[in-house]
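Take a look at the structure below.
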Amino acid sequence: MDEETVLALHDVTNSNAVMKDILQTINIFNGTSRKDKVQTTWFSLCTSGPAAASFFKGTRDSIFHRLTACDSAASAYVELSEQGEVEVIKPSLVLSVRGQAASLRSVLPALRHLPPPANTQEFCAGLDSLGQWTTLVTAPTNRSGDPAIRTLTLALAEKFAGAFVEIPVEFIHHLVALSRPARSLSATRRVLTSKVTDYINQESEKLRKNEYVAQSTAHLAIQTASANHRRPYALCEADQQTIASLEDQIARIKRGRRRFYSDAARLRAIQDILNSFDDPNLVNDFAQLARIALQEHET
């Protein structure tokens with residue numbers, strides 16, 4: 001075994017030992033009551049040094065923001081440890097999956113001939129998406145250097161984008177260096193390029209908007225259910241089914257999924273709305289079209 005290999009193995013052994021110590025420190029931090037967390041080693045490690053001082057200033061100069069940063073960093077480290085070996089996404093794999101998805105999509109018969117859940121628009125949309133798959137800028141590839149450290153760096157960036165609407169590269173480097181003291185700031189900058197941080201910020205903004213929509217929808221549903229509960233008469237079975245359906249739709253939105261799971265479900269919702277029309281002629285005309293479309297999707 002040559003000297004270079006021996007040094008590499010030595011670095012890996014040392015890094016694993018440091019990571020083990022870091023995780024033990026985080027476990028103590030997570031097991032401590034919030035009012036006492038400021039006394040822990042993890043709090044001190046995260047909030048000490050020039051990069052931390054630069055980040056925790058102005059409106060962020062508070063224990064609340066410091067604890068939020070410590071929680072975010074601890075979460076990123078724990079997720080990495082639970083993930084185990086980081087899966088590397090090779091360009092050849094992406095190309096292979098794209099080809100197979102496009103080939104399968106081209107031979108599929110009409111949706112009505114497929115078994116569920118393959119007979120849905122979502123399934124076909126998934127195949128179409130795989131047929132156009134391009135590697136995300138945040139995906140660990142075989143050109144990523146150390147995939148584990150890249151994954152940790154990106155996870156920290158995502159946590160801070162969500163918690164602070166900002167990605168402080170130098171402070172994130174400080175947090176990465178807790179487990180990789182030899183890691184250079186330039187290496188962290190090569191991971192968190194402007195292209196990568198822009199992408200993470202955009203995805204974080206989408207998540208915030210989805211959460212806002214889900215919370216607003218849930219609040220409206222609670223108000224509606226509460227108002228119905230105060231009505232002087234009991235809900236009929238149809239109303240109960242409508243509420244159950246709305247609650248299911250809210251749950252799907254909260255999970256980041258589409259409101260309806262299929263076109264058939266959307267058509268049934270349209271049919272329910274039509275049944276509430278006061279004009280019987282409108283009901284007859286449009287309901288007939290909805291029934292025909294629904295039968296085509298369910299056969």
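- At a threshold of 4.5 Å between side-chain heavy atoms, the hydrophobic network of Ile, Leu, Val, Met, Phe, Trp and Tyr places Leu108 and Leu111 in one connected group.
- Taking hydrophobic clusters as Ile, Leu, Val, Met, Phe, Trp and Tyr residues chained together by side-chain heavy-atom distances below 4.5 Å, Val165 does not share a cluster with Leu207.
- In this structure, Ile26 is a member of the same hydrophobic cluster as Val38, with clusters built from ILVMFWY side-chain heavy atoms closer than 4.5 Å.
- Under the 4.5 Å side-chain heavy-atom criterion for ILVMFWY residues, a single connected hydrophobic cluster contains both Leu23 and Val18.
- Not one N or O on the side chain of His173 forms a donor-acceptor pair closer than 3.5 Å with the backbone of Ala51.
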* **Stepwise side chain to side chain donor-acceptor pair (under 3.5 Å) check, His65 with Ser62** => CA-CA 5 Å; His65 288 94; Ser62 69; 2.6 Å; yes

* To do: Go through Asp36 and Ser33 one step at a time and tell me if the side chain to side chain donor-acceptor pair (under 3.5 Å) criterion holds.
  => CA-CA 5 Å; Asp36 294 327; Ser33 63; 3.0 Å; yes

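- Without hydrogens or angle criteria, Trp42 side chain to Cys70 main chain gives a donor-acceptor distance under 3.5 Å.
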* To do: Under the salt bridge (Lys or Arg N to Asp or Glu O under 4.0 Å) rule, what do Arg66 and Asp71 come out as? Steps first, then yes or no, please.
  => CA-CA 9 Å; Arg66 285 175 170 81; Asp71 286 333; over 6 Å; no

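- With hydrogens and angles ignored, the 3.5 Å screen pairs no side-chain donor or acceptor of Ser54 with any backbone N or O of Pro50.
- In this structure a side-chain-to-backbone donor-acceptor pair under 3.5 Å is present from Thr197 to Ser194.
- A side-chain donor-acceptor contact under 3.5 Å links Thr153 to the backbone of Ile149.
- A donor-acceptor pair under 3.5 Å is formed between the side chain of Thr47 and the backbone N or O of Phe43.
- Tracing side-chain contacts under 4.5 Å through hydrophobic residues (I, L, V, M, F, W, Y), one reaches Phe29 starting from Ile63; they form part of the same cluster.
- A donor-acceptor pair under 3.5 Å is formed between the side chain of Thr32 and the backbone N or O of Ile28.
- Remark: aromatic rings of Phe171 and Phe164 are distant, center separation not under 6.0 Å.
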* To do: Assess whether side chain to side chain contact (heavy atoms under 4.5 Å, CB included) is satisfied between Met19 and Tyr77, documenting all intermediate values.
  => CA-CA 9 Å; Met19 180 64 80; Tyr77 268 97; 3.7 Å; yes

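- Checked by atom type and distance alone, the side chain of Thr120 pairs as donor or acceptor with a backbone atom of Pro117 at under 3.5 Å.
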* Apply side chain to side chain contact (heavy atoms under 4.5 Å, CB included) to Val169 and Arg189, showing your working. => CA-CA 7 Å; Val169 177; Arg189 291 189 184 281; 4.1 Å; yes

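- Counting only heavy atoms from C-beta outward, the side chains of Ser44 and Thr41 never approach each other to under 4.5 Å.
- Atoms CG and CD, from Leu80 and Gln83 in turn, are 6.0 Å apart once rounded to the nearest 0.5 Å.
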* Asked: Is there a side chain to side chain contact (heavy atoms under 4.5 Å, CB included) between Thr25 and Leu178 once you walk through the steps?
  -> CA-CA 11 Å; Thr25 302; Leu178 294 178; over 6 Å; no

* To do: Give the C-alpha distance, both sets of side-chain angles, the deciding distance and a yes or no for side chain to side chain contact (heavy atoms under 4.5 Å, CB included) between Arg60 and Glu166.
  => CA-CA 12 Å; Arg60 288 193 294 265; Glu166 181 181 344; 2.8 Å; yes

